[in-house]
J.: 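Just dropping this structure here.
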Amino acid sequence: MSEPQTTTTTHPPLRRRVIVCGGGVIGVCTSYYLCKSGGAAVTLIEQSSIACAASGKAGGFLALDWCDGGPLSSLARSSFNLHRQLSDDLDGPISYGYRPLNALSFTIRDSDHGPSRSTGPGGFGPGSDVPGWVNGPVRDVKSIGSAQTTAQVDPFMFTRRVLREGVEKYGVEVVKGRVVSVGTASEGHVGVALEGGGVVEGDAVVLALGPWAGKLGVLGSVMRVYGMKAHSVVLRPKEVGKGGGGITPHALFLSYVEERGGKATDPEVYPRPNGEVYICGATAECEVPDDPEQVTPNPDSIKIIKKVAGKVSSHLAEGEAEVKVEQACILPYTDDGIPAIGELPGIKGCYVATGHSCWGILNAPATGAALAELILDGHSSIVDLSPFKPARLIICYALKVDWLDGTFVRPDGLCATSGPSLLFVEIDSLQITGSNPASALGGAIFWSSDVRIQTIIAIKVYG
C-alpha cells in the first residue's frame, strides 16, 4: 500500500478592511491605490455625490516643480508623475481631458484699453509673447511653464474615472451616508457611525473629508481645518465651437488691478480640450455648511470673474461666450498651509488626509499612494510623509495654575523647562502634569495632584 500524499494549501493573506470617508479626489485616489495593491478591501463613504465639491469644481491644473523649495516638493513631483502614469493607464486624454500645456503670467489693469502690449499680428509665435486669442491689454508677460512641466485634467471627470476603475477592476465598494462620528470599535477595529444609526467597522479608517473634516468631532476637537471659498465660471466661446479651434492650450495666471486704486487679485484662466474655458478667482475664508450642495457663489464675485474674462480676451466677453456654469467651492486649509496626511494621534488606525488647499487635484495621486503604503506596510516609500504628520497641528489644553507651595507657572501656560513642554490636565480629578508634547500625545502622562487650577486656555503645538 502506497503512503498517502500530503498536500499543503496556501491561503492568500487576509486583506485589511479600510473605510475611506469622503468621495472627493483625495478619498477616491486613496481607495484606488489601496485596492490596487491587493492588500485592502475598501468601503468608500460619501454623503452626497462623487466629486460634488471642490474636486468637481476646481481648475485641474498640474505642475511638476511649482512647489520646489518647500515641504510639498516631493509630494508634488511624485504626484505629477503619477498623473502621467494614470493618464496612460486610463486613457486620460479621452476620458478626462488630460493634456500637457504651457503656462503664462501677466498683469492686466482695469484702466488699460486696447490690444495687448506684447502681441504681434502673428499671434503666439516668433516676435510674439502671448497667443492670438489673448487680445486684451496685457503687460509683463512671462513664460512660467512648458508642456514638460505643466498639464491639466478636468477634475470632475478625472475623479469619476479613477473611481470607476477602482470599482470595476479592484472592487471598491461605494456607500452613500453621512459620517457623524469615528471611534474605537470591537476587537481593535475602528467604527464609523452614520447618520440614521448604521455603523461600518474596519481595520482602519481614512478621513478624506476636505474642509468638512473640521466639522467631525474626532478631528475638529483636536486640530483646525478651515475653508476658503473660491469662485469660478466656465465659458464656451461662440466662434470657437467644439474642439477648441483657436483657443490654444495656455494656462494664464493674472495679476489683475481694478480701477481707482482697487486691490490686485490673481485670477486664473484654463482653456480645456472640449472648447470650454475655466476662469477662477475671488477667494475668501468662509463658514463650511453641513452639506456640500449648500455651497453657492457670491454674485459680486462671479461678476468680477466675468469682467476679468472679457478684459483678457474679446472671445470671452459677455455676448461672445456662452456661460456654462457659475459656481463656488470650498478649499481645505490647515493653519500652517501644509496638508495633514497620516495617522491621527489618539485613535489607533484612524488616518487623515486633508488641507491640500489649491493643490488637491495635483497632489491626490501621491497622497493616495503614500497613504495606502502607510496603512498596509507601516511606512511610505513613494513620499516622505513626516512633514505632513497630523500631530504637528494638534490643539493641546494648557493651564494657568498656582502650585500649592506658592510657585507660579508662567501666564502663557508653558513650563519653565527647556523645550516646548506643556501642561496637560485631567479635568475630572483636577490633576495636571508638565510633559513634552511628543510623549503626551503618545499617552505617556504622569499625574501630580498638588496644584490648584486658575484658568484653562488652549494653545497649538507646531513641530
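Reckoned from all heavy atoms, side chains included, excluding hydrogens, waters and symmetry mates.
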J.: Between Leu194 and Val199, is any pair of side-chain heavy atoms under 4.5 Å apart?
T.: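 Side chain of Leu194 against side chain of Val199, heavy atoms only: no contact under 4.5 Å found.
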
J.: Any luck finding a side-chain donor-acceptor pair between Arg178 and Ser48 under 3.5 Å?
T.: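 No - no donor-acceptor pair under 3.5 Å links their side chains.
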
J.: Look at the side chain of Thr149 and the backbone N and O of Gly145, then say whether any donor-acceptor pair between them is shorter than 3.5 Å.
T.: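 No; judged by distance alone, with no hydrogens or angles, the pair does not exist.
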
J.: Could you tell me whether the side chain of Leu34 reaches within less than 4.5 Å of the side chain of Tyr170, counting heavy atoms only?
T.: no

J.: Are any of the side-chain heavy atoms of Ile45 and Val192 separated by less than 4.5 Å?
T.: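 Touching, per the 4.5 Å side-chain cut-off.
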
J.: How about NZ on Lys389, more than 12 heavy atoms from neighbouring residues, nucleotides or ligands closer than 6.0 Å, or not?
T.: no

J.: For a 4.5 angstrom cut-off between non-hydrogen side-chain atoms, does Asp290 reach Lys215?
T.: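 Yes; the side chains approach each other to less than 4.5 Å.
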
J.: Taking atom types as modelled, find out whether Glu268 and Tyr270 have a side-chain donor-acceptor pair closer than 3.5 angstrom.
T.: yes

J.: Apply side chain to side chain contact (heavy atoms under 4.5 Å, CB included) to Met228 and Ile330, showing your working.
T.: CA-CA 5 Å; Met228 297 285 287; Ile330 301 180; 5.9 Å; no

J.: Can you tell whether the side chains of Glu173 and Arg17 come within less than 4.0 Å, N to carboxylate O?
T.: yes

J.: With a 3.5 Å distance limit and no angle check, can you tell me whether Ser79 reaches the backbone of Ala366 through a side-chain donor-acceptor pair?
T.: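 Flag set: sc Ser79 to bb Ala366 pair under 3.5 Å.
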
J.: Kindly say whether Val277 contributes a backbone atom to a donor-acceptor pair with the side chain of Arg272 at under 3.5 angstrom?
T.: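 Checking the backbone N and O of Val277 against the side chain of Arg272, no donor-acceptor pair under 3.5 Å is found.
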
J.: Is there a donor-acceptor contact under 3.5 Å linking the side chains of Gln152 and Arg99?
T.: yes

J.: Taking all atoms of both residues into account, what is the closest heavy-atom pair of Pro365 and Tyr33, and its distance?
T.: O-CE1, 3.4 Å

J.: Before we go on, tell me: are the rings of Trp66 and Phe80 under 6.0 Å apart, centre to centre?
T.: no

J.: Begin with the C-alpha distance, continue with both residues' side-chain angles, and end with the deciding distance and a verdict on side chain to side chain contact (heavy atoms under 4.5 Å, CB included) for Asp291 and Gln47.
T.: CA-CA 8 Å; Asp291 190 337; Gln47 77 170 55; 3.8 Å; yes

J.: With distance as the sole test, does Asn81 use its side chain to make a donor-acceptor pair with the main-chain N or O of Arg77 at under 3.5 Å?
T.: yes

J.: For Ser87, is there any backbone N or O sitting under 3.5 Å from a side-chain donor or acceptor partner on Tyr96?
T.: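 A pair under 3.5 Å: yes.
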
J.: Report the distance from atom CD of Glu201 to atom OG1 of Thr184, rounding to the nearest 0.5 Å.
T.: 10.5 Å

J.: Are Ser73 and Asp68 close enough that a side-chain donor and a side-chain acceptor fall under 3.5 Å?
T.: yes

J.: Examine distances only and state if a side-chain atom of Thr159 and a backbone atom of Ala51 form a donor-acceptor pair shorter than 3.5 Å.
T.: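 No; judged by distance alone, with no hydrogens or angles, the pair does not exist.
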
J.: Of Ser301, Cys280, Pro299, Pro267, which is the lone residue that meets side-chain contact (heavy atoms from CB on, under 4.5 Å) with His231?
T.: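 It is Ser301, the one option of Ser301, Cys280, Pro299, Pro267 that forms the side-chain contact (heavy atoms from CB on, under 4.5 Å) with His231.
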
J.: If you measure from NE2 on His250 to CG on Asn102, what distance do you get to the nearest 0.5 Å?
T.: 4.5 Å

J.: Centre-to-centre under 6.0 Å for His83 and Phe158, is that the case here?
T.: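 Centroid separation for His83 and Phe158: below 6.0 Å.
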
J.: To the nearest 0.5 Å, what is the distance between CG on Leu371 and SG on Cys29?
T.: 11.0 Å

J.: What heavy-atom pair brings Thr296 and Lys229 nearest, and what distance separates the two atoms?
T.: O-NZ, 2.8 Å

J.: Check for a donor-acceptor pair, side chain of Asn274 on one end and backbone N or O of Glu276 on the other, with a separation under 3.5 Å.
T.: yes

J.: Would you give the length of the straight line joining atom CD1 of Ile382 to atom CD of Glu373, rounded to the nearest 0.5 angstrom?
T.: 6.0 Å

J.: What pair of heavy atoms forms the shortest contact from Val182 to Cys350, and how long is it?
T.: CG1-SG, 4.2 Å

J.: Say whether, by atom type as modelled, one donor and one acceptor occur between the side chain of Ser380 and the main chain of Val383 under 3.5 angstrom.
T.: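 Present.
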
J.: Would you indicate whether the side-chain heavy atoms of Val174 and Val167 approach each other to under 4.5 Å?
T.: yes

J.: Of the non-hydrogen atoms in Val234 and Tyr278, which two are nearest, and what is the gap between them?
T.: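 Looks like CG2-CD1, 3.9 Å.
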
J.: Ignoring hydrogens, what is the shortest heavy-atom contact between Leu163 and Val28? Give both atom names and the distance.
T.: N-CG1, 3.6 Å

J.: Strictly below 4.0 Å, N to O, side chains only: are Arg236 and Glu322 in salt-bridge contact?
T.: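 Looking at Glu322 together with Arg236, the answer is no, because their closest N to O distance does not fall below 4.0 Å.
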
J.: So, are Glu285 and Arg224 salt-bridged, with charged N and O less than 4.0 Å apart?
T.: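 Between Arg224 and Glu285 there is a salt bridge, with a charged N closer than 4.0 Å to a carboxylate O.
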
J.: CD of Glu287: more than 12 outside heavy atoms within 6.0 angstrom?
T.: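 Incorrect, the count does not exceed 12.
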
J.: Are any of the side-chain heavy atoms of Thr354 and Trp212 separated by less than 4.5 Å?
T.: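 No, side chains not in contact.
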
J.: Determine whether Ile302 and Asn298 make a side-chain contact, defined as any pair of heavy atoms from C-beta on separated by less than 4.5 Å.
T.: no

J.: Checking side chain to side chain contact (heavy atoms under 4.5 Å, CB included) for the pair Val308/Lys306: CA distance, chi angles, key distance, verdict?
T.: CA-CA 5 Å; Val308 171; Lys306 289 180 177 179; over 6 Å; no

J.: A quick test of your reading: do over 12 heavy atoms of other residues, nucleotides or ligands sit less than 6.0 Å from CD of Glu293?
T.: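 More than 12 within 6.0 Å, yes.
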
J.: Does Thr334 reach the main-chain N or O of Ile338 with its side chain, forming a donor-acceptor pair under 3.5 Å?
T.: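 Confirmed, Thr334 side chain pairs with Ile338 backbone.
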
J.: Looking at every non-hydrogen atom in both residues, tell me the closest pair between Gly24 and Glu46 and how far apart they are.
T.: N-OE1, 4.4 Å

J.: What distance separates Met157 CE from Ile94 CD1, expressed to the nearest 0.5 Å?
T.: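 Interatomic distance, Met157 CE to Ile94 CD1, rounded to 0.5 Å: 9.5 Å.
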
J.: Nearest 0.5 angstrom please: Asp89 CG to Leu82 CG, how far?
T.: 10.0 Å

J.: Assert yes or no for the condition that the ring centre distance of Phe106 to Tyr256 is strictly below 6.0 Å.
T.: no

J.: Please tell me if the side chains of Phe253 and Leu104 come closer than 4.5 Å, counting only heavy atoms from C-beta onward.
T.: no

J.: Between Leu44 and Val175, is a side chain to side chain contact (heavy atoms under 4.5 Å, CB included) present by the stated rule, with each step listed?
T.: CA-CA 6 Å; Leu44 174 66; Val175 172; over 6 Å; no

